[in-house]
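Chain naming here is simple, since letters A, B, ... match the order of the sequence lines and numbering starts at 1 in each.
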There are 2 protein chains.
Amino acid sequence: MRIAEFDREKVLRSAMTSFMDKGYGKTSMQDLKRATGLHPGSIYCAFENKRGLLLAALGQYREDRNTEFTGIFSGQRPVLVELKAYLDNIVLECQSCDVSRSCLLTKALNEVAEQDEEVRGIITLYLANWQQAITQVLQNAIDQKEITSDRNADVRAHYLMMGIYGLRTFAHTHPEGNTIKQLAEQLYEDVCR
Amino acid sequence: MRIAEFDREKVLRSAMTSFMDKGYGKTSMQDLKRATGLHPGSIYCAFENKRGLLLAALGQYREDRNTEFTGIFSGQRPVLVELKAYLDNIVLECQSCDVSRSCLLTKALNEVAEQDEEVRGIITLYLANWQQAITQVLQNAIDQKEITSDRNADVRAHYLMMGIYGLRTFAHTHPEGNTIKQLAEQLYEDVCR
DNA sequence: TGCTTATTTGAATGATCATTCAAGAACTAT
DNA sequence: ATAGTTCTTGAATGATCATTCAAATAAGCA
């Protein structure tokens, strides 16, 4: 026996940012070698494929986003306060210099999903999980009477997700100023109205 | 002298859909040869490059979207009626079977813009033109007292664009049902509120 | 009709890429 | 310590790709 030397999470996060920066297709194995510090053979030994590395990176991305999500929505504050903090976080992300590192899921969905049934299925599943989590948050807000039940949690969650997707794309062309912040604030109001 | 035999617009529209279907990077010259009917040499003679063909296709896309836009916002009906028709059109586009053929501009922005300063500049310019046109529409609606001047046209245009971006991405994972239509309706209300 | 100029054709080129593989290195267990 | 297993290394492989080029073709002009 012999234990693998590399830190799996570190490697996957390096691959993640490579895929987000250059896209899956334009990230060559040489790029991945440089980013992860792993030689081609090791990558193939550990992940079978460049595609396998993408799948593993997607899984890691999901996990990272999950812990971030449950960290913010810990239930220690009113739901709407937590939701506002969540949106603030996304705004900061959009305003950071690396706008292109928006969301590996949507980026991969745009790039490879149309050609790869399995990848699309996985990404769709992850996004559906995210949507479910957001729906639960909004349902909590309704249960706590923080927002009305005029529109149900599902409809509100759909709208919020649409808004977040849109924010990220919009940020690509408007990284400057506080336009993003204003948009996020109106989005918050319209979701909670 | 000798006149080029091919129909430039037809060729560019074929290239457009190829780029939208597979992405710029994964569209090979063989794909483009099949799609456009032009042999490699002719493509290089007419557009200098694969990249040149992309630039030309982006230009054609802009023109096509422009005529579509001015066709809908002809000023013959109340502005808000025209705006609703415009959104209905986008909804139909999102619900059509080829969801991936969403918008060449945003697709290219995601894929190549981070690597190619010039392409990003051109796409950003086109999108800015679009935003300007939408702002003008909303300003007209304000001038005609169809909506209040509580929020100015710029802010409303930003929000509408964010919503449209988001709708398109959302449609990738929810092509079915009339979720998209509901979202578009709330977006319309929130922009005009 | 012939001459010039431009386009079309499609095989050839050279680069880049993902992937493989055989040899070397390191860890565990006996 | 030694055998056995697994990981690492990095050059080799074969495929694919954008691009080039020289020959062939056609259109405008004299």
If you look only at pairs with a residue in residues 34-47 of chain B, which of them pass as a side chain to side chain donor-acceptor pair (under 3.5 Å), with sequence neighbours excluded?
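Every side chain to side chain donor-acceptor pair (under 3.5 Å) pair that includes a residue of residues 34-47 of chain B, provided the two are not neighbours, is B/Asp31-B/Arg34.
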For the side chain of [X], starting at C-beta, report the closest nucleotide among [options].
| X | options | answer |
| --- | --- | --- |
| B/Lys50 | D/dA18, D/dT9, C/dA18 | D/dA18 |
| B/Pro40 | D/dG10, C/dG10, D/dA27 | C/dG10 |
| B/Met29 | D/dA18, D/dT9, C/dT8 | D/dA18 |
| B/Cys45 | C/dA18, C/dT8, D/dA27 | C/dT8 |

B/Leu38 vs B/Lys33, test: side chain to side chain contact (heavy atoms under 4.5 Å, CB included). Steps then yes/no.
CA-CA 5 Å; B/Leu38 258 54; B/Lys33 177 189 163 189; over 6 Å; no
Under 3.5 Å, is there a donor-acceptor pair between the B/Asn140 and B/Gln144 side chains?
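Side chains of B/Asn140 and B/Gln144: no pair found under 3.5 Å.
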Checking side-chain polar atoms at under 3.5 Å, does B/Gln131 have a donor or acceptor matched by the opposite partner on A/His174?
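A donor-acceptor contact under 3.5 Å links the two side chains.
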Spacing between [X] atom [atom1] and [N] atom [atom2], to the nearest angstrom:
| X | N | atom1 | atom2 | answer |
| --- | --- | --- | --- | --- |
| A/Leu32 | C/dT19 | CG | C1' | 13 Å |
| A/Tyr44 | D/dA12 | OH | P | 18 Å |
| A/Lys26 | C/dA15 | NZ | C1' | 17 Å |
| A/Phe47 | D/dC7 | CZ | P | 12 Å |
| B/Ile43 | D/dC17 | CD1 | P | 14 Å |
| B/Tyr24 | D/dA18 | OH | C1' | 9 Å |
| B/Lys33 | D/dT19 | NZ | C1' | 15 Å |
| B/Ile3 | D/dT25 | CD1 | C1' | 15 Å |

For B/Phe6 and A/Thr27, take the nucleotide of DNA chain C holding the closest heavy atom to each; which residue's nucleotide lies nearer the 5' end?
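It is B/Phe6 whose nearest nucleotide is closer to the 5' end.
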Is A/Asn49 near enough to C/dA18 that one of its side-chain N or O atoms lies under 4.0 angstrom from OP1 or OP2?
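It does not, given that no N or O in the side chain of A/Asn49 lies less than 4.0 Å from OP1 or OP2 of C/dA18.
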Contact under 4.0 Å: B/His39 side-chain N or O vs C/dG10 OP1/OP2:
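Yes.
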Does the Lys NZ or Arg CZ of A/Lys107 fall within the cation-pi geometry relative to A/Tyr24 - under 6.0 Å from the ring centre and within 45° of the axis?
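Checked: cation-pi criterion not met.
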Once you apply a heavy-atom cut-off of 4.0 Å, does A/Ser28 come out as touching a base, just sugar-phosphate, or nothing?
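A/Ser28: backbone/sugar contact only, no base atoms under 4.0 Å.
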